[in-house]
Amino acid sequence: MAIVIDGKLISQQIQEELALEVKTIKTNGGKTPHLAAILVGNDGASETYVGAKVKACEKIGFKSTLVRLSQDTTEQELLYIIKGLNADADIDGYIVQLPLPKHINEQHIIEAVDPKKDVDGFHPQSVGRMALNLPTYLPATPYGILQLLERYKIETVGKHCVVIGRSHIVGSPMSILMARNTNPGNCTVTMCHSRTANLKEFTLKADIIIVALGKPEFLTADMVKDGVVVIDVGITRVTSDSTKSGFKLLGDVKYDEVAAKSSFITPVPGGVGPMTIASLLVNTLKASKKEVYK
Ligand code: GUN
């Protein structure tokens, strides 16, 4: 039976460690880490995510600034705000919550962020430095998955890792990170996506499967071998008659049947999800301490 990877617990532990470090920094007269977040429009999910990020900052003693902009903000206006954050010496790092309204070109925005403050790790310079194994900010969700693998002492060297999904936020960076000469890392990686033929041929050979597709219960027991490590990044809200709220959250893995064959598995919710905030906070502290760029 699988060991269930408790992302909520690990995220809490990391946040406690960060809180202690911030306390010491403050006692020694150092700078309080300061994260800013830009939220454009009023997408419900984005509001929840950004709210949770700001709350987590307060809890561990960081400063936070939330910049709320209306849905009809123009690209020019947003670029002007970004210029201001780039120049603001008190702000160590910031994020622009995605997705942005359709009339704004996301890539223009991502490239306007000063890489020194790019705690989301989305700027092409950050992505390139990650691929080259140079100091940088790693994107929050992949970084969170590395933390889970490390803290659960899951062996990755020489393993065959199958990543399903090639998004810029999760799948692509995850495939790069698992192949790097680092620990966790040193895997033989197969990157699968919507155009992969005979996906099952690959997943059946995998020692580690990382699924980031956004298709509820996509990975089934017949697709995995015994002893596999399964990391489920999906989180989809579906209607349900069996819950009081009328909905439930489903991952990309058919959990019960896949868990029965796995050595380790992340649940949904409570697996990868809580780790993204912890990673963002780690990156913000690194930015504040000028650990990545001197
Ligand atoms: N939207 C979904 N995930 C993320 C993330 O990690 N960062 C930002 N800025 N937006 C997101």
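Atoms within each ligand, like the ligands themselves, are counted from 1 in listed order.
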Note, Leu281 side chain near Ile277 side chain (heavy atom, < 4.5 Å): yes

Side-chain donor or acceptor of Asn105 paired with backbone N/O of His108 under 3.5 Å: yes

Checking heavy atoms under 4.0 Å, the part of Tyr49 that sits near ligand 1 is neither

Nearest non-hydrogen protein atom to atom 11 (C) of ligand 1, with distance, is Gln97 NE2, 3.4 Å

Closest to atom 1 (N) of ligand 1 among protein heavy atoms sits Leu98 O, 2.9 Å

Exercise. Check the pair His34 / Asp90 against side-chain hydrogen bond (donor to acceptor under 3.5 Å, both in side chains), numbers first and verdict last.
Key: CA-CA 7 Å; His34 188 174; Asp90 195 59; 2.6 Å; yes

Parallel, tilted or perpendicular: ring planes of Tyr137 versus Tyr293, cut at 30 and 60 degrees: tilted

Review point. Looking at ligand 1, does any of its N/O atoms fall within less than 3.5 Å of an N/O of Asp120?
Key: yes

Main-chain N/O of Met223 paired to Thr203 side chain as donor or acceptor, under 3.5 Å:
yes

With heavy atoms and a 4.0 Å threshold, my read on which part of Val96 contacts ligand 1 is backbone

the protein heavy atom lying closest to atom 3 (N) of ligand 1 turns out to be Ile169 CD1, 4.2 Å

